[in-house]
Peer 1: 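Take this structure, written in structure tokens, and hold onto it; I'll ask about it next.
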Amino acid sequence: MASNYFARSMHTIASIDLEEVQEIVRALVALRAQGATVFVSGNGGSQALAQHLVLHLRNNGIRAYDVTADNAWLTATSNDYEYDQVAERFPYIRLLGCNQQASKPGYAVFVISGSGDSTNVVTALSVAKNFGLRRLALLGFGGGRAKDYAEAAVVLDSTECGPVEDAHLVIVHALNEMLKP
């Protein structure tokens, strides 16, 4: 049973398109050179991976924030509105949208999503696009709707959450290695 899972995860990891990873690295290197800020988000297991990515980005000289790390704000917003509207109300993105700097290079949204179809993830990319922010993504399930909003994305075809999250973790660690100065 476990060997079957490992085989499926290894197959998903082997399917990672290295050129897509390189495209994300090039974007992150450019953002680092600009002194940019990267806002990272996901849901569930992907949120845990987002937090992990933030650590590696910071360790490699990129200012990065986990936009859903503020649990009090997240639960209050989800309660007062709908969870799907959380991305529209991300304080960082909304502040940038009202800021003259938002139209200039130096800000990016990086989402991680197993399905690529979570409404809040798609909305985060859509709002970022409307504000002129860079948009990066790690996506599974063929990319879902999020693929259409991302400028640079690693898209996995697997439709199984566990192997997709395993592959995303491998990519997060590869990004860490590739970003080292």
Side-chain angles (χ1 to χ4, degrees), residues 1-32 38-62 64-69 74 83-84 86-87 90 108-129 133-181:
M1 185 99 156
S3 63
N4 188 347
Y5 178 82
F6 291 142
R8 294 190 319 272
S9 287
M10 293 304 293
H11 176 76
T12 302
I13 291 166
S15 76
I16 295 169
D17 183 326
L18 298 181
E19 182 51 39
E20 290 176 347
V21 175
Q22 275 297 132
E23 188 176 355
I24 297 266
V25 169
R26 284 190 292 272
L28 290 170
V29 167
L31 290 162
R32 176 173 56 197
V38 179
F39 301 105
V40 186
S41 185
N43 289 317
S46 294
Q47 177 56 30
L49 291 171
Q51 290 177 339
H52 196 121
L53 175 61
V54 165
L55 295 174
H56 288 310
L57 293 176
R58 288 176 180 170
N59 285 338
N60 283 291
I62 298 171
Y65 297 97
D66 175 355
V67 296
T68 55
L74 179 64
Y83 183 73
D84 289 350
V86 166
F90 283 159
V109 170
F110 195 136
V111 299
I112 302 176
S113 176
S115 70
D117 273 328
S118 298
T119 302
N120 64 315
V121 168
V122 174
T123 301
L125 290 170
S126 174
V127 169
K129 182 177 182 179
L133 308 181
R134 297 290 315 265
R135 299 166 318 280
L136 311 174
L138 301 181
L139 306 168
F141 290 54
R145 294 175 294 145
K147 182 172 130 180
D148 296 333
Y149 293 96
E151 290 178 272
V154 178
V155 178
L156 304 170
D157 288 329
S158 175
T159 58
E160 191 177 359
C161 287
V164 167
E165 289 178 0
D166 294 339
H168 284 168
L169 179 59
V170 169
I171 295 165
V172 165
H173 285 149
L175 292 174
N176 181 51
E177 287 294 313
M178 298 167 82
L179 288 168
K180 287 184 179 173

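Keep in mind that what you see is a predicted model, and the values were worked out from it rather than measured.
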Peer 1: Counting only heavy atoms not in Phe6 (residues, nucleotides, ligands), do more than 12 fall under 6.0 Å from its CZ?
Peer 2: no

Peer 1: Evaluate the criterion side-chain contact (heavy atoms from CB on, under 4.5 Å) for residue pair Gln51 and Leu55; output intermediate values, then yes/no.
Peer 2: CA-CA 7 Å; Gln51 290 177 339; Leu55 295 174; over 6 Å; no

Peer 1: For Ala152, is there any backbone N or O sitting under 3.5 Å from a side-chain donor or acceptor partner on Glu23?
Peer 2: no

Peer 1: Should the heavy atoms of other residues, nucleotides or ligands under 6.0 Å from NE2 of His173 be counted, would the total exceed 12?
Peer 2: yes

Peer 1: Leu49 and Val172: which non-hydrogen atoms are nearest, and at how many Å?
Peer 2: O-CG2, 4.4 Å

Peer 1: Leu156 vs Leu139, test: side-chain contact (heavy atoms from CB on, under 4.5 Å). Steps then yes/no.
Peer 2: CA-CA 6 Å; Leu156 304 170; Leu139 306 168; over 6 Å; no

Peer 1: Strictly by side chain to side chain donor-acceptor pair (under 3.5 Å), give each pair with a member in residues 153-164 just once, sequence neighbours left out.
Peer 2: Arg8-Glu160

Peer 1: Using 0.5 Å steps for rounding, measure from the CD atom of Glu165 to the OG atom of Ser9.
Peer 2: 10.0 Å

Peer 1: So which atom in Ala146 and which in Val121 form the shortest heavy-atom distance, rounded to 0.1 Å?
Peer 2: CB-CG1, 4.4 Å

Peer 1: Provide the closest heavy-atom pair for Val40 versus Ala50 in the form atom of the first, atom of the second, distance.
Peer 2: CG1-CB, 3.5 Å

Peer 1: Taking atom CG of Leu125 and atom CZ of Arg135, what is their separation to the nearest 0.5 Å?
Peer 2: 7.5 Å

Peer 1: Quick one: closest heavy-atom pair of Leu179 and Val29, and the distance?
Peer 2: CD2-CG2, 3.8 Å

Peer 1: What closest approach, in Å, do Cys161 and Phe141 show between heavy atoms, and which atom pair accounts for it?
Peer 2: SG-CZ, 4.0 Å

Peer 1: Please check this pair: side chain of Ser126 against backbone of Val122, looking for a donor-acceptor N/O pair closer than 3.5 Å.
Peer 2: no

Peer 1: Do we see a donor-acceptor contact under 3.5 Å between the side chains of Asn120 and Asn43?
Peer 2: yes

Peer 1: Would you say Glu20's side chain and Val155's backbone share a donor-acceptor pair under 3.5 angstrom?
Peer 2: yes

Peer 1: May I have all residue pairs that pass side chain to side chain donor-acceptor pair (under 3.5 Å) and include part of residues 137-149, sequence neighbours excluded?
Peer 2: Asp117-Arg145

Peer 1: What verdict does the side-chain contact (heavy atoms from CB on, under 4.5 Å) test give for Leu136 and Leu28, after you've listed the backbone C-alpha separation in whole Å, the side-chain angles of each residue and the deciding distance to 0.1 Å?
Peer 2: CA-CA 9 Å; Leu136 311 174; Leu28 290 170; 3.8 Å; yes

Peer 1: Rounded to the nearest 0.5 Å, how far does CD of Gln22 lie from CE of Met178?
Peer 2: 3.5 Å

Peer 1: Is there side-chain contact between Asp66 and Gln47, with heavy atoms separated by less than 4.5 Å?
Peer 2: yes

Peer 1: Check whether any side-chain heavy atom of Ile112 lies under 4.5 Å from a side-chain heavy atom of Leu53, and answer yes or no.
Peer 2: yes

Peer 1: Would you compute the distance between atom CG of Asn176 and atom CG of Leu57 and round it to the nearest 0.5 angstrom?
Peer 2: 8.5 Å

Peer 1: With a cut-off of under 6.0 Å to the ring centre and 45° to the axis, is Arg134 in cation-pi contact with Phe110?
Peer 2: no

Peer 1: Mind checking the CG-NE2 spacing from Leu175 to His56? Nearest 0.5 Å is all I need.
Peer 2: 9.0 Å

Peer 1: Quick one: closest heavy-atom pair of Ala167 and Ile13, and the distance?
Peer 2: CA-CG1, 3.8 Å

Peer 1: Closer than 3.5 angstrom, by distance alone: can the side chain of Arg32 be matched with the main-chain N or O of Asn60 as a donor-acceptor pair?
Peer 2: yes

